[in-house]
There are 2 protein chains.
Amino acid sequence: MNLDSETKAVELPDDHGTELRLWLRLLTCTTLIEGEVRSQLREKFDVTLPRFDLMAQLDKVSDGMTLSDLSKRMMVSNGNVTGLVERLVESGHLDRRTSETDRRVQFIRLTKLGRAEFRKMAAEHEKWIADIFGDLSPKDIRELMRLLAKAKGSAQRSAKARTA
Amino acid sequence: MNLDSETKAVELPDDHGTELRLWLRLLTCTTLIEGEVRSQLREKFDVTLPRFDLMAQLDKVSDGMTLSDLSKRMMVSNGNVTGLVERLVESGHLDRRTSETDRRVQFIRLTKLGRAEFRKMAAEHEKWIADIFGDLSPKDIRELMRLLAKAKGSAQRSAKARTA
DNA sequence: GCCAATTGCTTGAAGTTTAAAGAAATTGCA
DNA sequence: TGCAATTTCTTTAAACTTCAAGCAATTGGC
């Protein structure tokens with residue numbers, strides 16, 4: 001038996017510190033940027049981030065989307081979307097229409113007003129983001145994209161394995 | 001005058017699409033991992049992520065921390081921390097003590113129970129994170145750390161410039 | 001010492017979020 | 001057809017979050 005390796009094993013019970021530090025850095029980065037975007041949205045357009053996100057999903061399609069689609073894409077719960085949509089319909093940004101073939105399903109769309117307002121916000125939003133990442137070179141951005149894609153894949157693999 | 005370049009300028013009013021895609025990917029990654037961690041914490045320890053985060057901050061120091069320190073480190077509002085601490089004191093995980101030199105200040109500490117429970121959770125938590133990033137090589141991790149540090153710096157520069 | 005500004009924390013209102021339970025509609029299979 | 005499983009959405013309770021307003025204590029000129 002090798003005493004040295006035993007001692008080492010006790011002092012360094014696997015080393016998962018680097019992954020943890022990576023996670024904390026990722027989280028800090030995201031929180032920082034999210035806070036910045038949130039402030040700007042409130043300040044410039046008096047809109048909350050969740051509402052902006054929801055409208056962003058809807059802006060990608062022309063013919064609407066169901067609540068389930070929205071909750072999957074936004075990675076939030078179903079009930080959450082119900083409330084958000086309700087308030088956005090109330091304020092005239094969204095339009096809801098019940099499916100004719102399945103009466104459980106609601107198709108949600110941006111209204112003319114909603115789309116117009118979103119487009120205005122999105123244009124500004126894109127500039128803020130560009131400025132936030134302003135110090136990164138095109139190569140940095142490509143590398144980050146690549147590595148984050150890999151990280152995303154890894155996380156999905158891990159989550160799936162756990163649930164299975 | 002060059003018509004071609006004019007046309008281009010209209011069709012591609014600056015190109016900030018790559019930064020936007022980077023941001024969306026960063027957000028997706030974080031949301032995915034955060035959801036995974038949240039599920040595990042609830043499932044295995046019946047604790048919420050915000051409580052875990054707060055205890056993590058306190059575990060780093062032995063002699064306690066003020067509410068302001070906590071809110072700065074966690075990057076959340078003051079009022080938010082007030083509520084979290086209140087519930088954690090209630091459940092016996094935290095301990096609060098008013099400063100003797102400044103009666104506005106409260107020092108918050110983990111109780112013996114709180115620290116013991118946190119240590120147990122943290123050990124598991126580290127393993128989950130290691131698994132989540134399991135597909136990344138040590139080199140990938142180093143590169144991500146480096147690029148995220150750069151992104152963080154850039155975001156801070158941007159936020160600071162706006163506020164100034 | 002006086003008092004305006006600042007700092008640390010709490011409170012209240014509105015909104016967001018999750019998890020869990022439930023209602024309504026559809027689907028698939030025997 | 002009949003009915004159990006599934007899907008879509010809503011509802012509920014509890015927690016979390018922010019922002020703004022406010023209170024209490026301290027600090028820094030003067």
Side-chain angles (χ1 to χ4, degrees), chain A residues 27 30-32 34-55 64-91 93-94 96-108 163, chain B residues 27 30-32 34-55 64-91 93-94 96-108 163:
Chain A
L27 190 55
T30 301
T31 306
L32 192 62
E34 201 174 296
E36 186 61 13
V37 171
R38 194 188 299 277
S39 295
Q40 296 259 32
L41 282 175
R42 174 171 298 273
E43 197 175 303
K44 306 289 201 308
F45 300 106
D46 192 33
V47 78
T48 64
L49 184 52
R51 287 180 201 211
F52 179 80
D53 284 343
L54 197 151
M55 289 196 273
M65 211 175 205
T66 69
L67 290 183
S68 295
D69 287 342
L70 278 170
S71 89
K72 262 173 231 140
R73 298 230 198 176
M74 296 177 70
M75 298 197 280
V76 300
S77 69
N78 243 326
N80 190 349
V81 173
T82 294
L84 276 171
V85 166
E86 197 170 303
R87 285 184 287 270
L88 281 165
V89 167
E90 179 66 27
S91 64
H93 294 85
L94 264 44
R96 63 200 313 173
R97 183 166 45 84
T98 303
S99 164
E100 288 170 10
T101 61
D102 184 339
R103 274 178 299 174
R104 294 168 305 178
V105 176
Q106 311 241 3
F107 291 109
I108 313 296
T163 314
Chain B
L27 190 55
T30 301
T31 306
L32 192 61
E34 201 174 295
E36 186 62 14
V37 171
R38 195 187 299 276
S39 295
Q40 295 260 30
L41 282 175
R42 174 170 298 272
E43 199 175 302
K44 307 286 203 307
F45 300 107
D46 193 31
V47 78
T48 65
L49 184 52
R51 288 182 199 209
F52 179 80
D53 285 344
L54 196 152
M55 290 196 271
M65 212 174 207
T66 68
L67 289 183
S68 296
D69 289 341
L70 277 171
S71 90
K72 261 173 231 140
R73 298 230 197 176
M74 295 177 71
M75 298 197 281
V76 300
S77 69
N78 244 325
N80 190 352
V81 173
T82 294
L84 276 172
V85 166
E86 196 170 303
R87 285 184 287 271
L88 281 164
V89 167
E90 179 66 26
S91 65
H93 294 85
L94 302 187
R96 62 200 315 172
R97 185 167 43 86
T98 302
S99 164
E100 288 170 8
T101 62
D102 184 339
R103 274 179 299 173
R104 291 169 304 177
V105 176
Q106 311 242 3
F107 290 109
I108 314 296
T163 315

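This structure is a prediction, so every number in the text was calculated from the model and none was measured. Note on naming: letters A, B, ... go to the chains in the order of the sequence lines (proteins, then strands), and numbering restarts at 1 for each one.
- Both A/Leu84 and A/Arg103 lie close to DNA chain C; mapped to their nearest nucleotides by heavy-atom distance, the more 5′-ward contact belongs to A/Leu84.
- Once you apply a 4.0 Å limit to the heavy atoms of chain B, the touched nucleotides of DNA chain C run 5' to 3' over C/dT7 to C/dA19.
- Atoms CG and CG, from B/Leu27 and B/Leu32 in turn, are 11.0 Å apart once rounded to the nearest 0.5 Å.
- B/Ser91 contributes a side-chain N or O that, together with a main-chain N or O of B/Leu88, makes up a donor-acceptor pair within less than 3.5 Å.
- A/Thr48 is not listed as a side-chain neighbour of A/Leu41, based on a closest heavy-atom distance of 4.5 Å or more.
- The CD1 atom of A/Ile108 lies 15.0 Å from the NE2 atom of A/His93; values are rounded to the nearest 0.5 Å.
- Listed by chain and number, the residues in a side chain to side chain contact (heavy atoms under 4.5 Å, CB included) with B/Arg73 are B/Gln57, B/Lys60, B/Met65 (sequence neighbours excluded).
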For residues 75-82 of chain A, please give each side-chain donor-acceptor pair under 3.5 Å, one per line with the distance, not counting sequence neighbours.
residue, atom, partner, partner atom, Å
A/Ser77, OG, A/Asn80, N, 3.3
A/Thr82, OG1, A/Asn78, O, 3.4

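- You'll find the side chain of B/Glu86 stays beyond 4.5 Å of the side chain of B/Glu90, heavy atoms only.
- Contacts classified as salt bridge (Lys or Arg N to Asp or Glu O under 4.0 Å) and involving residues 38-55 of chain A (residues at least two apart or in different chains) are given here: A/Glu34-A/Arg38, A/Glu43-B/Arg162.
- Using a 4.0 Å heavy-atom distance criterion, A/Thr101 is classed as a sugar-phosphate-only contact.
- Residues of residues 38-46 of chain B that place a heavy atom closer than 4.0 Å to DNA chain C, in numerical order, are B/Arg42.
- Atoms CG and CD, from A/Leu94 and A/Gln106 in turn, are 11.5 Å apart once rounded to the nearest 0.5 Å.
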Which atoms of nucleotides 9-12 of chain D (N or O only) lie under 3.5 Å from a protein N or O atom, and what are those distances?
residue, atom, partner, partner atom, Å
D/dC9, OP1, A/Gln106, N, 2.7
D/dC9, OP2, A/Leu67, N, 3.4
D/dC9, OP2, A/Ser68, N, 2.8
D/dC9, OP2, A/Ser68, OG, 2.7
D/dT10, OP1, A/Arg96, NH2, 3.1
D/dT10, OP2, A/Thr82, OG1, 2.9

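- Nucleic acid contact for A/Ser77: base, since at least one base atom lies under 4.0 Å from a heavy atom of the residue.
- At whole-Å resolution of the value, CD in B/Glu90 and C1' in D/dA15 are 14 Å apart.
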